[in-house]
Amino acid sequence: MIPKLGPHALANTEPVRRWSANAPIVKQAFGLDVLQAAKAANPSVIAVCRPFHMLRTDSGQAAAAEIIGFYQSKGFAPDYTELWNECDELDQNVGSGCGPGGVYRGGLERRVVLTAEATAVLNAAGYQVAGFSFSERSPGPADIAFLVANGWAGVQALALHEYWFGPPPFPREGTLRYRQIREWAGGNTPPIIITECGRHYDGPQDWGWQKTELAGNPQGYVNELAAYAAELARDGYVIGGTVFTNDYSGGDWDLKGFNTDPLVPYIVGDGVIIPPPGPSLVGIVAGLLLGSAAVALFALDLAGITGEIRVGPVRRQFLGPEVEEVPALELEPGQPIPPGYEVVG
């Protein structure tokens, strides 16, 4: 598992359900079925939903009423609701949008009004809001001052999108700009959720990790995500982040190289894949499956250094109460651990 991070779901696929059921946080856009399955498997998971692709902008109260109707029709609601995304709706419907350098020009004033209207209605109905969903490298200091002066429109969390365009270390001005926003606000922000994050192609195209040098190296990308999660874990005001995005095979975001489903075997599921070691690593795995847990040890010999990694325990719904012995296996570098195991130390 990667602390503080979970999936951003567009498609209800088996990998995203597996990750969601074991993640600390999950976001779904334009649906609720992934969130429902995640909550059923793990009631403590934080569920975030962006319910509609385009949210009406004539009235915040009317927008909130549509969201409430959607939740009631499904008999389920998330922990946090996202409203207007980045500049999309306001750019098209209000005519302001994002200006150079992430300044929201005149649109931020209207956005605060709409967000405050919608948040009041949603809060009265028992729903929490993760507001604003600002895009990468925006907003600026003057925008933050305006938001602070207006009480962040009453939202319960601040939603931000953060991407990086090369390997760590992560730039403070972009990928870790939530810390800048916190400083500009003098510490006066709602708790923060990074509702989109991940590696982006360093070029004009809107491409993801599979269009970078990480193509064919999911473990390398998982390592970057773990490094980013470690940064988030340093700041208690950050609730967590969701990695953009999974998609159906052949879907738009899959074709653009963002699809996170191939990462899932490396993160969670039937066993986390061992991080690729040096060329002289030899691992031996042996274990016991006892009830719903699995515990194993395997020895390392890396350039003459001997160590130990524990594998398990993990939840296994299907094992039943019987005890069964797992034969020892030799692991090649990058080979997945057998079902029932998870690297935990």
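In this chain, residues are counted from 1 in sequence order.
Heavy-atom minimum distance, Val16 versus Asn246: CB-ND2, 3.5 Å. Ala130 and Ala159 make their closest contact through O-CB, 4.0 Å (heavy atoms, listed as atom of the first residue, atom of the second, distance). Summarising the geometry of Gln156 relative to Gln128, their closest heavy-atom pair is OE1-CA, 3.4 Å, with the distance given to 0.1 Å. Of all non-hydrogen atoms in Val112 and Ala153, the two that sit nearest each other are O-CB, 3.8 Å. Of all the heavy atoms in Thr119 and Gly154, the pair that sits closest is CG2-O, 3.4 Å. Taking all atoms of both residues into account, the shortest heavy-atom contact from Pro3 to Ala229 is O-CB, 3.0 Å.
Val48 and Val129 sit in two unconnected hydrophobic clusters of ILVMFWY residues. Membership requires side-chain heavy atoms under 4.5 Å apart, directly or through other members. Placement of Ile267 and Phe244 in two distinct hydrophobic clusters is found when ILVMFWY residues are connected by side-chain heavy-atom separations under 4.5 Å, directly or transitively. Linking ILVMFWY side-chain heavy atoms closer than 4.5 Å, directly or via other members, places Leu122 and Phe76 in a single hydrophobic cluster. Linking ILVMFWY residues whenever their side-chain heavy atoms come closer than 4.5 Å, directly or via other members, places Val121 and Val155 in the same cluster. Clustering ILVMFWY residues whenever any of their side-chain heavy atoms sit less than 4.5 angstrom apart, transitively, puts Trp19 in a cluster other than the one holding Ile25.
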Would Phe132 and Leu147 count as a side-chain contact (heavy atoms from CB on, under 4.5 Å) if you check the C-alpha gap in whole Å, the side-chain angles of each, and the deciding distance to 0.1 Å? CA-CA 10 Å; Phe132 298 103; Leu147 288 163; 3.5 Å; yes
Candidate pair Lys256 and Asp247, rule side-chain contact (heavy atoms from CB on, under 4.5 Å), full reasoning: CA-CA 10 Å; Lys256 290 179 177 179; Asp247 199 358; over 6 Å; no
Run Ser133 and His161 through side chain to side chain donor-acceptor pair (under 3.5 Å) and show every step you take. CA-CA 6 Å; Ser133 306; His161 298 168; 4.6 Å; no
Side chain to side chain donor-acceptor pair (under 3.5 Å), that's the test. Do Tyr71 and Thr81 meet it? Break it down for me. CA-CA 10 Å; Tyr71 292 161; Thr81 296; 2.7 Å; yes
Passes side-chain contact (heavy atoms from CB on, under 4.5 Å), Lys211 versus Gln205? Steps please. CA-CA 10 Å; Lys211 302 289 188 179; Gln205 294 87 351; over 6 Å; no
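No donor-acceptor distance shorter than 3.5 angstrom exists from the side chain of Asn259 to the backbone of Leu255, with no hydrogens or angles considered. No donor-acceptor distance shorter than 3.5 angstrom exists from the side chain of Asn188 to the backbone of Ala185, with no hydrogens or angles considered. The closest donor-acceptor contact from the side chain of Trp84 to the backbone of Leu55 lies under 3.5 Å.
In terms of the side-chain hydrogen bond (donor to acceptor under 3.5 Å, both in side chains) criterion, Glu173 has no residue partners (sequence neighbours excluded). Scanning for salt bridge (Lys or Arg N to Asp or Glu O under 4.0 Å) contacts around Arg182 gives an empty result, with sequence neighbours left out. Partners of Trp209 under the ring pair (Phe, Tyr, Trp, His ring centres under 6.0 Å) rule, at least two apart in sequence or in another chain, are Tyr221. Residues forming a side-chain hydrogen bond (donor to acceptor under 3.5 Å, both in side chains) with Tyr127 (at least two apart in sequence, or on another chain): none. Applying the ring pair (Phe, Tyr, Trp, His ring centres under 6.0 Å) test to Phe30 and every residue at least two apart in sequence or in another chain returns His53. For Asp235, the salt bridge (Lys or Arg N to Asp or Glu O under 4.0 Å) test picks out Arg179, with sequence neighbours left out. Here Tyr228 pairs with Trp164, Phe170 under the ring pair (Phe, Tyr, Trp, His ring centres under 6.0 Å) rule; sequence neighbours left out. Every residue two or more places apart in sequence or in another chain was checked for a salt bridge (Lys or Arg N to Asp or Glu O under 4.0 Å) with Glu196, and none qualifies. For Asp254, there are no salt bridge (Lys or Arg N to Asp or Glu O under 4.0 Å) partners, not counting sequence neighbours. For Lys39, the side-chain hydrogen bond (donor to acceptor under 3.5 Å, both in side chains) partners two or more places apart in sequence, or in a different chain, are Asp79. For the ring pair (Phe, Tyr, Trp, His ring centres under 6.0 Å) test, residues two or more places apart in sequence or in another chain that qualify with Trp207 are Tyr201.
Trp184 places none of its side-chain heavy atoms less than 4.5 Å from the side chain of Asp143. Within the 4.5 Å cutoff, the side chain of Glu231 has no heavy atoms near those of the Thr175 side chain. Pro51 places none of its side-chain heavy atoms less than 4.5 Å from the side chain of Glu66. Residues Gln36 and Gln28 have side chains not in contact (no heavy-atom distance under 4.5 Å, counting atoms from C-beta outward).
Atom CG of Leu158 sits about 6.0 Å away from atom CD1 of Ile181, to the nearest 0.5 Å. Note that CD1 of Ile144 and OG1 of Thr189 are 8.5 Å apart. Values are rounded to the nearest 0.5 Å. For the atom pair SG (Cys49) and OH (Tyr80), the distance works out to 14.5 Å, reported to the nearest 0.5 Å. Between the OG1 atom in Thr57 and the CG atom in Leu83 there is a gap of 12.5 Å [rounded to 0.5 Å]. The CD1 atom of Ile239 sits 11.0 Å away from atom OG1 of Thr195, with the distance rounded to the nearest 0.5 Å. Separation of atoms CG (Leu232) and CD1 (Ile193) is listed at 11.5 Å; rounding is to 0.5 Å.
Relative ring orientation between Phe165 and His200 is described as tilted, the plane-to-plane angle lying within the 30° to 60° band. The aromatic rings of Phe258 and Trp253 sit perpendicular, their planes meeting at an angle over 60°, well past the 30° parallel limit.
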Identify every side-chain donor-acceptor pair in residues 4-12 under 3.5 Å, counting partners at least two apart or on other chains, and give the distances.
| unit_1 | atom_1 | unit_2 | atom_2 | d |
| --- | --- | --- | --- | --- |
| Lys4 | NZ | Val238 | O | 2.3 |
| His8 | ND1 | Thr245 | OG1 | 2.8 |
| Asn12 | OD1 | Arg17 | NH1 | 2.8 |
| Asn12 | ND2 | Asp33 | OD2 | 3.0 |

